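Bear in mind the structure is a predicted one, so any value in this text is a computation, not a measurement.
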Number of protein chains: 2
Amino acid sequence: MATLSSTSERLLDAAERLFAAEGFAETSLRAITAEAEANLAAVNYHFGSKHGLIQAVLARHLQPMNAERLSRLDALDAEHPEGPSLRAVLEAFLVPAFAIGQGERGRPIFTLFARAHGSPDPALRRTFIAEFDDVAARFGPALQRALPAASMPDIFWCVHFVVGALYHTVSASGVLEAFSEGACRADDPATLDRLIDFAEAGVRSAARDGASS
Amino acid sequence: MATLSSTSERLLDAAERLFAAEGFAETSLRAITAEAEANLAAVNYHFGSKHGLIQAVLARHLQPMNAERLSRLDALDAEHPEGPSLRAVLEAFLVPAFAIGQGERGRPIFTLFARAHGSPDPALRRTFIAEFDDVAARFGPALQRALPAASMPDIFWCVHFVVGALYHTVSASGVLEAFSEGACRADDPATLDRLIDFAEAGVRSAARDGASS
DNA sequence: GTCTATACAGTGATAGAC
DNA sequence: GTCTATCACTGTATAGAC
C-alpha cells in the first residue's frame, strides 16, 4: 500500500496524479493530503508551500528528461567527432521529451511542463526554466556546428519555434483530434517522426538567407 | 473616467488587465470588481460566473482576429482564382495573430489565449476552440490546394506544429531572451518573418514523403 | 433589469502542542 | 515529524432595494 513509502513521496505521487488530472489551481491541498493519507500541514512542512510542491513534482520528471538529452548528445559527439548532423541533434533533443509524453502517465505530466512554462507565477517560471540551463548551453553550440551558415540568434529562434511545436503537440493534441474530425489521433506513433521532419526543415530554413543577425 | 462606460464593459476591461497580469486563477473577482468600481455580485449577474467572464474576455479578441484571418483569405482567393500560394495562406493565418500580439496590450492578451488553450478546465477549452471552427474549415482546404502532394492529416499536423510555435513565440519569448543572453529580443520586428519562413519550410516538408496518410 | 449587501462553504497558510 | 485549530481570503448564491 501507499503507506509503505515516506510521507513526502506519497505527497508527490498524489500531487502529480491530481495536478495532471485537474490542473494546479484546481487541485486543493486537502485533496492531495487526503489521497496521500497525510495531514494537511504536511505539505507546508515538507515543501514549504503549494508552490514548492509543484516545483518538486516538475523537477522529478524534468531532471531525467534533460539528463537523457545530454547523454544522447554525448553519445553523438563520441560517434561523430566532426560534429553530429542536424537531424541527429534534433532527435537527441526531441525523443526524450516524447518518451515522457508517451509513458503511462505521460501526457498529463507533459501538460504540467507546458503549464509551468506559461505560468503567471514568475517565481515558478524562473525555477522551471533554470532546469534547462545545461541543455541550452550544450545544444546551442551543437546546432551551430551542424548548421554553420546560421547565426546564433537564427538558431535560438528556430529552437524556440520547435519547443513551441513540441509543447503544443504533447499537451494539446486533443484539440487537433477535434479539428481534423478524428483523422489525426493524438497517440499516433508517427507523430514524433512528423515533428522531427517538421523541425529539421524549419531549422534548416534559418540557414538559407541568414540575413537578419 | 471609467464610470462613463457600462458596468459589463468596465468589468471586461478590468478583468482583461488583471487576467493578463496575474493569470486567471490568481485574479479574484473582488480585485476585478474593485478596479471596475462595481459590486462583487455584478460578475455573476452579467456573466454567470468567473468562467463566463473569462470566456467573454477571450471572445472579445478572438473574434476580430479570426475575422481578419478569413477576410485576408477571401482577398487572396479573389486575387488568385487558381489558389493562393502556401506562403500567402500562412501569412493570412499568422499575421492577424501577430498583430494582436504586438498591440499596446498585445502580449498579455495573447498569453490569455495560450492559457485558455491549455486550460485544465474542459468547458473553457471547448468554448475556446469552438471559436476556431470557421478558420479551420476555410484554411484546411486552402492549404490542401496550395500543397496538393500532402495528405489532409499531413497538413493538419503541420498546422498544429505552426500553432504551437506561434503560441510559444507570442506568449513565452521572455524565456528565449534569457537563454540567448539578450541576443534574441522578444520585440524584434523580424520575428514574424522568421516564424513565417520556419512555418513555410516545415509545412512544405510534409509534402516531400507524404507516406503516412 | 440593474445593482447592493450579506451569508456560506471551501481555500492556502501558520502557530503551537505533542 | 505530525497534528489540531484557526486565520484571512476565495467563488458563488440569494434576498431585497431601486
Side-chain angles (χ1 to χ4, degrees), chain A residues 1-58 112 115-116 119-125 127-128, chain B residues 1-58 112 115-116 119-125 127-128:
Chain A
M1 291 306 294
T3 43
L4 289 180
S5 41
S6 74
T7 299
S8 63
E9 277 171 14
R10 278 179 289 126
L11 286 171
L12 284 171
D13 289 339
E16 179 178 313
R17 210 163 24 240
L18 293 171
F19 283 154
E22 310 286 341
F24 297 125
E26 292 74 8
T27 303
S28 71
L29 293 184
R30 284 165 178 82
I32 295 169
T33 51
E35 176 142 339
E37 297 176 43
N39 185 273
L40 170 61
V43 170
N44 277 310
Y45 176 75
H46 286 283
F47 302 99
S49 67
K50 183 180 185 180
H51 178 142
L53 176 60
I54 294 173
Q55 286 182 230
V57 168
L58 292 173
L112 295 186
R115 271 182 210 152
S119 165
D121 179 345
L124 171 58
R125 251 194 351 258
T127 319
F128 181 72
Chain B
M1 292 301 292
T3 42
L4 290 180
S5 40
S6 74
T7 299
S8 63
E9 276 172 13
R10 279 179 288 127
L11 285 172
L12 284 172
D13 289 339
E16 178 178 312
R17 210 164 23 241
L18 293 172
F19 284 153
E22 311 286 340
F24 297 125
E26 292 75 9
T27 302
S28 70
L29 294 184
R30 284 166 178 81
I32 293 169
T33 51
E35 177 141 338
E37 298 176 45
N39 184 272
L40 170 60
V43 170
N44 276 322
Y45 176 75
H46 286 283
F47 302 99
S49 67
K50 184 180 185 179
H51 178 143
L53 175 60
I54 294 173
Q55 285 182 231
V57 168
L58 292 173
L112 295 187
R115 274 184 207 149
S119 165
D121 179 343
L124 172 57
R125 251 196 350 259
T127 320
F128 181 71

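- The side chain of B/Asn39 places an N or O atom within less than 4.0 Å of a non-bridging phosphate oxygen (OP1 or OP2) of C/dA5.
- Distance A/Asn44 CG to D/dA5 C1': 15 Å, rounded to the nearest Å.
- Heavy atoms of B/Thr33 sit nowhere under 4.0 angstrom from any nucleic acid atom.
- Looking at the side chain of A/Leu40, the nearest of the listed nucleotides C/dA13, D/dA13, C/dT14 is C/dA13.
- Rounded to an integer number of Å, the gap from A/Leu29 CG to C/dT14 C1' is 13 Å.
- Annotation: the span from B/Gln55 atom CD to B/Phe128 atom CZ amounts to 11.0 Å, rounded to 0.5 Å.
- The distance from atom CG of A/Leu11 to atom CG of A/Asn39, rounded to the nearest 0.5 Å, is 10.0 Å.
- Counting non-hydrogen atoms under 4.0 angstrom, A/Ser8 reaches nothing in the nucleic acid.
- Rounded to whole Å, atom P of C/dG12 lies 11 Å from atom CD of A/Glu26.
- If you find the closest nucleotide of DNA chain C to B/His46 and to A/Ala31, the one lying nearer the 5' end belongs to B/His46.
- In the set D/dT12, C/dA13, D/dT2, the nucleotide with an atom closest to the side chain of A/Thr7 is D/dT2.
- B/Ala41 comes within 4.0 angstrom of a nucleotide base, judged by non-hydrogen atoms across all strands.
- Here the OH-OG distance, from B/Tyr45 to B/Ser8, works out to 10.0 Å after rounding to the nearest 0.5 Å.
- With rounding to whole Å, B/Glu37 atom CD is found 15 Å from C/dC3 atom C1'.
- A/Lys50 has its NZ atom 8 Å from the P atom of C/dA13, to the nearest Å.
- Which of D/dT12, D/dT2, C/dT11 sits closest to the side chain of A/Tyr45 comes down to D/dT2.
- The base of D/dG11 is paired with the side chain of B/Arg30 by a donor and an acceptor separated by under 3.5 Å.
- Atom CZ of A/Phe24 sits about 5.0 Å away from atom CG of A/Leu58, to the nearest 0.5 Å.
- When each of B/Leu18, B/Leu12, B/Leu40 is tested with B/Ile32 by the rule side chain to side chain contact (heavy atoms under 4.5 Å, CB included), just one qualifies, namely B/Leu18.
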